[in-house]
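Below is one structure, written out as structure tokens; the observations come after it.
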Amino acid sequence: MHPFLAEAAARGFIHQCTDTEALSEALGSGVVSAYIGFDCTADSLHVGSLVSIMLLRLLQKHGHRPVVLMGGGTTRIGDPSGRDETRQLLTDATIAANMAGIRRAFVPYLRFGAGTTDAVMANNADWLDALGYIPLLREIGPHFTINRMLTMDSVRLRLEREQPLTFLEFNYMILQSYDFRELHRRLGVTLQMGGSDQWGNIVSGVDLVRRTDTAQVFGLTTPLITTASGAKMGKSAKGAVWLNAERLSPYDYWQFWRNTEDGDVGRFLRLFSELPLDEIARLEDLQGADINEAKKVLANEATALLHGEAAARDAAETARRTFEQGAAAETLPTHLVSAADLAAGIALFRLLAESGLAGSNGEARRLIRGGGARLNDAPVTEENHLVTEADLRDGAAKLSAGRKQHRLIRVG
């Protein structure tokens with residue numbers, strides 16, 4: 001097996017592959033260009049996309065070319081895969097703004113340039129926006145049967161649940177297949193990768209290229225990543241774990257990984273760090289309180305890859321000072337309030353929600369009633385407690401949700 005596939009399998013990246021043996025042979029015969037598509041539904045990716053990004057990084061590490069496909073065209077339709085309802089249609093201006101934000105997420109992970117193994121970024125709007133409907137139907141339509149499309153999970157599951165599937169979304173599979181063929185023709189792409197929910201779309205693209213271009217291309221999917229407790233990867237108590245620093249601070253990103261469940265430490269180290277597998281095995285075997293050291297290693301490695309080593313060190317030091325020394329470090333994330341609001345007093349539950357320490361006012365109230373809220377390290381159990389100027393210490397108040405989530409409240 002080619003070293004890329006061997007390491008990808010050992011680290012837990014591979015779920016399905018259309019032809020492992022033939023793909024391995026192709027990887028050993030020259031540079032393979034492989035792509036993953038990313039629709040522009042938000043102005044940042046979150047850690048749910050990180051498996052795909054790390055797989056592209058691993059591919060480049062083994063001497064092959066990653067192609068990042070921005071879905072400037074397909075975002076205008078919406079991918080029904082893994083969805084129970086129709087996606088909200090976005091304006092072209094929103095899609096363009098989202099694309100600009102998403103592009104930045106790839107820079108820390110991939111080497112872009114003009115070399116044979118340098119990463120390339122493409123936008124499917126370049127060809128999809130120019131398509132004529134009748135020419136597309138005549139050229140591509142004969143290669144897709146409704147019978148087969150209805151068996152694909154993205155379609156079948158929606159219909160089984162008697163949930164609406166618009167004709168707009170039904171077309172998504174055809175356009176993703178068209179993308180594969182277009183990338184094959186323009187950039188010589190012979191491998192499409194993606195999450196397991198994309199298997200049907202990927203196989204359709206492989207089949208289209210085979211039928212129209214008589215070429216052998218491949219598909220590979222990664223498993224759906226859930227936590228040991230069954231939760232979907234990429235979510236925290238405060239919502240999505242974004243990759244862009246303006247959406248989520250490096251400190252909060254570090255904390256997300258530091259709070260990994262015990263049963264996930266080894267698996268996440270294999271997927272989201274580049275530590276040698278034998279070192280990961282050692283860390284995975286740690287028991288009791290020692291597993292916290294492995295979690296810190298995971299947090300440091302993952303944060304350094306995205307935000308740089310200096311940011312990872314700062315986050316680790318902030319955590320050490322905050323949790324081990326009980327100090328409100330100046331580098332904690334800050335939430336600004338107006339002087340007028342603070343003079344009048346701000347309800348603690350409202351401040352917890354507005355600062356992002358709770359997902360809603362109701363969740364904040366439950367946190368307080370459960371004894372999980374602290375103000376300047378002192379427990380507060382009265383949910384209508386008012387935070388005022390008197391609570392500031394050297395210009396800031398430290399607000400905490402549990403032992404691991406903190407904010408500095410300042411006037412600004």
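Hydrogens, waters and symmetry mates are skipped; everything else that's a heavy atom, side chains included, is used.
S49 and S52 form no side-chain donor-acceptor contact under 3.5 Å, judged by distance and modelled atom types alone. S44 and R104 are not linked by any side-chain donor-acceptor pair at a separation below 3.5 angstrom, with hydrogens and angles left out of the test. Under 3.5 Å, the side chains of Q192 and Q176 contain a donor-acceptor pair of N or O atoms.
Shown here are the side chain to side chain contact (heavy atoms under 4.5 Å, CB included) partners of A119, two or more places apart in sequence or in another chain: Q60, P66, L110, F112. For E284, the salt bridge (charged side-chain N to carboxylate O under 4.0 Å, His left out) partners at least two apart in sequence or on another chain are R270. Under the side chain to side chain contact (heavy atoms under 4.5 Å, CB included) criterion, N300 pairs with W254, A316, sequence neighbours left out. Annotation: side chain to side chain contact (heavy atoms under 4.5 Å, CB included) contacts of L224 (sequence neighbours excluded): S196, T226. Every residue two or more places apart in sequence or in another chain was checked for a ring-ring contact (aromatic ring centres under 6.0 Å, His included) with F349, and none qualifies. Shown here are the side chain to side chain contact (heavy atoms under 4.5 Å, CB included) partners of A281, two or more places apart in sequence or in another chain: there are none. Looking at residues two or more places apart in sequence or on another chain, you find a ring-ring contact (aromatic ring centres under 6.0 Å, His included) between H64 and H2.
Side-chain atoms of T75 come within 3.5 Å of backbone atoms of C40 as a donor-acceptor pair (strictly under, hydrogens ignored). For R407 (side chain) and S355 (main-chain N/O), a donor-acceptor pair under 3.5 Å exists by modelled atom type. In this structure a side-chain-to-backbone donor-acceptor pair under 3.5 Å is missing from D341 to I346. Put simply, the side chain of D43 never gets that close to the backbone of N98: no donor and acceptor are under 3.5 Å apart. At distances below 3.5 Å, not a single donor-acceptor pair connects side-chain atoms of D39 with backbone N or O atoms of T41.
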Under the criterion side-chain contact (heavy atoms from CB on, under 4.5 Å), I'd like the reasoning laid out for L69 against T74: C-alpha separation, chi angles, the key distance, then a yes or no. CA-CA 11 Å; L69 181 64; T74 43; over 6 Å; no
When you look at H335 and L351, which way does the side-chain contact (heavy atoms from CB on, under 4.5 Å) test go after all the steps? CA-CA 9 Å; H335 177 71; L351 202 52; 3.9 Å; yes
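The ring pair (Phe, Tyr, Trp, His ring centres under 6.0 Å) contacts involving residues 201-220 comprise nothing, where partners must be two or more places apart or lie in separate chains. Sorted by first and then second residue, the ring pair (Phe, Tyr, Trp, His ring centres under 6.0 Å) pairs with a member in residues 277-321 read Y253-H307; sequence neighbours excluded. Every pair tested for ring pair (Phe, Tyr, Trp, His ring centres under 6.0 Å) that includes a residue from residues 184-212 fails, sequence neighbours excluded, so the list is empty. Listed by first and then second residue, the salt bridge (charged side-chain N to carboxylate O under 4.0 Å, His left out) pairs involving residues 51-60 are R57-E274 (not counting sequence neighbours). Sorted by first then second residue, the side-chain hydrogen bond (donor to acceptor under 3.5 Å, both in side chains) pairs that include residues 17-33, not counting sequence neighbours, are S33-R65.
Once rounded to the nearest 0.5 Å, the distance linking CG of L286 with CD1 of I291 reads 5.5 Å.
Under 4.0 Å is where a charged nitrogen must lie from a carboxylate oxygen, and between R350 and E354 at least one such pair does. A salt bridge is absent between E363 and R366; no separation between the charged side-chain nitrogens and carboxylate oxygens falls under 4.0 Å.
Other residues, nucleotides and ligands contribute at most 12 non-hydrogen atoms within 6.0 Å of the CD atom of E309.
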